[in-house]
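Read through the structure below, which is laid out as structure tokens, and then see the notes.
Quick caveat: nothing in here was measured; it's all calculated off a predicted structure.
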Amino acid sequence: MNPRREFITYILSIPTFSQRFATVGLSRLVEKISSKAIWSPLMAAFSSLGEKSASTHALKENIRAEGKSNVRRALSILGNVLELGLGVLQNVSLNEKLGFFATVEILVRQVDDVNTDELSQRIREQLSLLEDKRFLKSLCECVREIPSSHVIFRLCGAMAFKFKSMRTSVLNAMVFNSSIINDLYKVMDKNGMFKNGVVEWNLQMREIFALFCICYNHLLLIQDDAEFFEKQKPCTLAQITAVVKALNKLLSKLYWEGGKGIDPRNLQIQWTQMREVATELFCQLRVRQSRKQFCNPDVWIMPQISFSLFKAELENGRRADLILQKIPFVLTFQQRVELFYDFIRRDRKESDAAGIRFGHVGGVTIRVRRDRVLADGFEGLTKVGKNIKGRIQVQFINEHGIVEAGIDGGGLFKEFVTELLRVAFDPQLGLFKQTSHEFTYPNPTSYANPNFSNHLAYFNFVGMIVGKCLYDGIILEPQFANFFLRKLLGYRNFVDDLASLDPEVYKNLLFLKNNSADGLGLTFSVTRDTFGDSKVVDLIENGSEVAVTDENRLRFIYEMADFKLNREIAAQSSAFVTGLNSIIKPGWLRMFEAEELDRLLSGTPVIDVADLRRNTNYAGGYDENHELIRWFWSILDNDFDEKERRHLLKFSTSVSRSPLLGFKHLYPKFCIQRSSGDTDNLPTSSTCMNLLKIPRYTSREKLKEKLRYSIKSSSGFYLT
């Protein structure tokens, strides 16, 4: 090998050179020729390689030809460069290393996306050297020593996109063994990328931004909230906010404006790939925002979107549909709620045309015993099919087996589902459990409940009833745990979601993440209590025999969280979601985040007294100017605290939270009626009609006293 020969000749002769000496054995050959005397000149040639040099041009021209044979040629050259170069990579200068990586980067960029399964065993073995510890270690050293090296950035990006099967190992090395995320941010900031519009980003900037997205996406998969919000590493919250703004501008161009002003020519990272990685990061950061706000909510909204045009395009416009599927939160919450109810109105119209009855005539009639609401509801409604969307008339049967008098104008059905869900969600029943903060989720051991051998059918049924409540605008009193709400939206839960199930276990796992596992005696197993019987469950195969060590503790944390949040309630969640989606389409729900879905299901906790007053009816001789009514609103506004207002609302309507869009959406409307009888009687209510009955008290103080007593003891509460 003559170091004075042309650089391009060296590169292009490597495959022939390798084949000629194949009988010697390449490993022995490398050992013989891997001396600094021979390789230093070649590495020096690597280090002098530039984007516009004659050597670079010749190398590209010799590779860039049509046909699979030329792709294989490029891959063969790349494989040989890796195999021969790694032998001396640790013994050369930083500039020579940089030149070597520049050569590898050029070779990688000349091939299309690679499916390694279609390659020969020989080439696969050579390409696996891109994951070699020596290669990745030297790559990380270059990042640390030359933090603004565009060559290294381009190589990392090219490897991530071209060799997707290697993406995880490459990103593990780069993200966790170097400061690449922070370095990329500094380069972007220095080039004014957070100040300029995305149309002004040049090719190099776009590729750097794409690599930043890939690396940060990878980090966020395992970074806990304490690291993100408190330690603020690798980026501060102010820096992340700048990234969110840049993502908003970029995705607005790519989703809504059709790439207007962006020239994708000669772009290694194609716009579809750019949109994919940018969308993933935008959504991951939005999940953090939903757990704890770190930037102004308006930062996420795309003001360029005309909502009226957006609604019109939903009929036949692909871009509007794509936004709702991928990044719905760029619309305001109120806009998405409006779309949700538009979808329901449209579905009602279509269902009505298909013969499902919504009016006061027809529909489904069921008979329900008050002491067997869940069982009779299950028996009566599981067979009605799509008619569940329409009018359901309920006839209650009293303890004597007689149908109670009255016609169901809608209030009885509300009473029925309210009581049914109260029974179903009661932890004593065994289908559902509650967190320490009294949020509801499926009981993981419901399968062992002797009273519910068909427990999954009941989960399906309860999910359907929850869907019916959403469809009819009936507010639920119970609230679901955040991690279960995410299951309803089709998301998989991760470690930070464990805080909404068991804060103590979450705290312990974070402790393990940041401390040694030695001496803790942990194995990859968990003990589960099933109605008094303890059972050891393996988190991985033979997990009870695998000790948790410092080397595998991150996997243990992942497996434990995954078991508790996903696998343990997988069957119950799936059945519940199937029932829910039989009425509410999945796409309607996925417009919302977990916290927003909670508001959609259970209303808002703050009682707007002025709004309630504007939407109240009066009966029995009362009107808005009546003295007692003026006392009532004065007491509610000035004397009662927020907790007492919620108690009063629950006493009157069975739900302690306000309708999402205000009390004008409460059906039937809230009504205050004068009740007959002794003025020493307590106020009473008919929750099925949202009716509060108040005697004609003679003083404001007496009214306040009687109201407080009733709402705290519920002694005047009854259903009619």
Side-chain angles (χ1 to χ4, degrees), residues 337 341 406-419 421-422 469-470 472-478 599-676 681-697 700 703-704 706-720:
V337 170
Y341 288 118
I407 299 175
D408 186 2
L412 290 180
F413 178 72
K414 177 199 168 212
E415 175 188 335
F416 159 67
V417 296
T418 299
E419 180 64 10
L421 293 177
R422 184 193 67 79
C469 289
L470 270 174
D472 288 357
I474 298 174
I475 300 172
L476 306 183
E477 177 61 22
R599 291 162 63 187
L600 202 64
L601 287 164
S602 302
T604 58
V606 178
I607 310 301
D608 186 336
V609 175
D611 181 49
L612 177 60
R613 186 171 187 173
R614 283 192 300 269
N615 293 281
T616 296
N617 292 333
Y618 304 95
Y622 287 151
D623 59 46
E624 61 181 342
N625 295 315
H626 194 284
E627 183 180 45
L628 182 135
I629 297 301
R630 293 200 303 271
W631 292 343
F632 174 84
W633 293 116
S634 174
I635 292 167
L636 199 60
D637 207 14
N638 302 310
D639 297 67
F640 280 12
D641 58 24
E642 194 61 41
K643 185 177 180 180
E644 288 175 313
R645 294 188 192 110
R646 288 197 295 270
H647 284 164
L648 176 67
L649 190 64
K650 184 174 182 179
F651 178 81
S652 307
T653 69
S654 77
V655 178
S656 63
R657 294 161 68 93
S658 305
L660 181 61
L661 299 180
F663 285 101
K664 67 180 179 180
H665 293 277
L666 182 67
Y667 180 81
K669 276 188 177 293
F670 181 65
C671 182
I672 302 176
Q673 177 181 303
R674 180 172 179 172
S675 60
S676 58
N681 290 345
L682 290 170
T684 58
S685 64
S686 296
T687 56
C688 65
M689 298 304 294
N690 299 328
L691 179 64
L692 176 62
K693 303 173 183 178
I694 305 177
R696 176 58 175 101
Y697 298 121
R700 185 181 185 278
L703 172 61
K704 181 170 66 172
K706 296 292 186 181
L707 283 172
R708 273 193 168 138
Y709 187 87
S710 290
I711 64 176
K712 288 181 179 179
S713 64
S714 293
S715 58
F717 174 81
Y718 70 92
L719 298 170
T720 61

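- Counting heavy atoms from C-beta outward, Cys469 and Leu421 have side chains that approach closer than 4.5 Å.
- For Gly603 against Arg657, the heavy-atom pair with the smallest separation is O-NH2, 2.8 Å.
- Minimum heavy-atom separation, Ser654 to Thr418: OG-CG2, 3.5 Å.
- Inter-residue side-chain proximity for Ile607 and Leu648 is flagged as unmet; no heavy-atom pair is nearer than 4.5 Å.
- In this structure, Asn681 CG and Ile694 CD1 are separated by 13.0 Å, a value rounded to the nearest 0.5 Å.
- Side-chain contact between Ile475 and Pro659 is present, with heavy atoms from C-beta onward closer than 4.5 Å.
- Under a 4.0 Å N-O distance rule, the pair Arg422/Glu419 qualifies as a salt bridge.
- With values rounded to the nearest 0.5 angstrom, Leu691 atom CG is found 9.5 Å from Ser675 atom OG.
- Atom OG of Ser652 sits about 13.5 Å away from atom CE of Met689, to the nearest 0.5 Å.
- Across all non-hydrogen atoms, the minimal contact from Ser658 to Phe663 is OG-CZ, 3.5 Å.
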Handout entry: Steps toward side chain to side chain donor-acceptor pair (under 3.5 Å) verdict (Lys669, Asn615)
Key = CA-CA 7 Å; Lys669 276 188 177 293; Asn615 293 281; 3.2 Å; yes
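- When side chains are defined from C-beta on, Phe651 counts as touching Leu692, because their heavy atoms get closer than 4.5 Å.
- Glu415 contributes atom CD, which lies 11.5 Å from atom CD1 of Ile474 (distance to the nearest 0.5 angstrom).
- The two atoms that bring Phe632 and Leu703 nearest to each other are N-CD2, 3.7 Å, heavy atoms only.
- With contacts defined as side-chain heavy-atom distances shorter than 4.5 Å, the pair Tyr618/Glu624 qualifies.
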Exercise for the section: Check the pair Asn690 / Tyr667 against side chain to side chain contact (heavy atoms under 4.5 Å, CB included), numbers first and verdict last. Expected result: CA-CA 8 Å; Asn690 299 328; Tyr667 180 81; 5.9 Å; no
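- Side chains of Tyr697 and Lys706 form a contact here, defined as non-hydrogen atoms less than 4.5 Å apart.
- In terms of heavy-atom proximity, Arg696 sits nearest to Trp631 at NH1-CZ3, 3.8 Å.
- Lys693 and Ser686 make their closest contact through NZ-OG, 3.3 Å (heavy atoms, listed as atom of the first residue, atom of the second, distance).
- With hydrogens and angles disregarded, no donor-acceptor distance shorter than 3.5 Å links the side chain of Asp637 to the backbone of Trp633.
- With Asp639 as reference, Arg700 is the one residue of Arg645, Arg708, Arg700 to meet the salt bridge (charged side-chain N to carboxylate O under 4.0 Å, His left out) rule.
- If you run side-chain contact (heavy atoms from CB on, under 4.5 Å) between Arg646 and each of Lys643, Glu644, Lys650, only Lys643 comes through.
- The aromatic rings of Phe413 and Phe416 sit tilted relative to each other, their planes meeting at an angle between 30° and 60°.
- Rounding to the nearest 0.5 angstrom, the gap separating the OG atom in Ser710 from the CG atom in Leu682 is 4.0 Å.
- Side-chain atoms of Arg674 never come within 3.5 Å of backbone atoms of Gly621 as a donor-acceptor pair (strictly under, hydrogens ignored).
- Looking at Asp608, its side chain does come within 3.5 Å of a backbone N or O of Ala610 through a donor-acceptor pair.
- To the nearest 0.5 Å, the span separating CD1 on Ile672 from CD1 on Ile629 amounts to 4.5 Å.
- In this structure, Leu636 and Leu612 have side chains that are in contact, with non-hydrogen atoms separated by less than 4.5 Å.
- For the pair Ser685 (side chain) and Thr687 (backbone), a donor-acceptor distance under 3.5 Å is absent.
- In this structure the side chain of Leu666 reaches within 4.5 angstrom of the side chain of Phe670, judged on heavy atoms.
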Practice task
Applying side chain to side chain contact (heavy atoms under 4.5 Å, CB included), run through Leu601 and Leu470 and close with a yes or a no.
Solution key: CA-CA 6 Å; Leu601 287 164; Leu470 270 174; 3.5 Å; yes
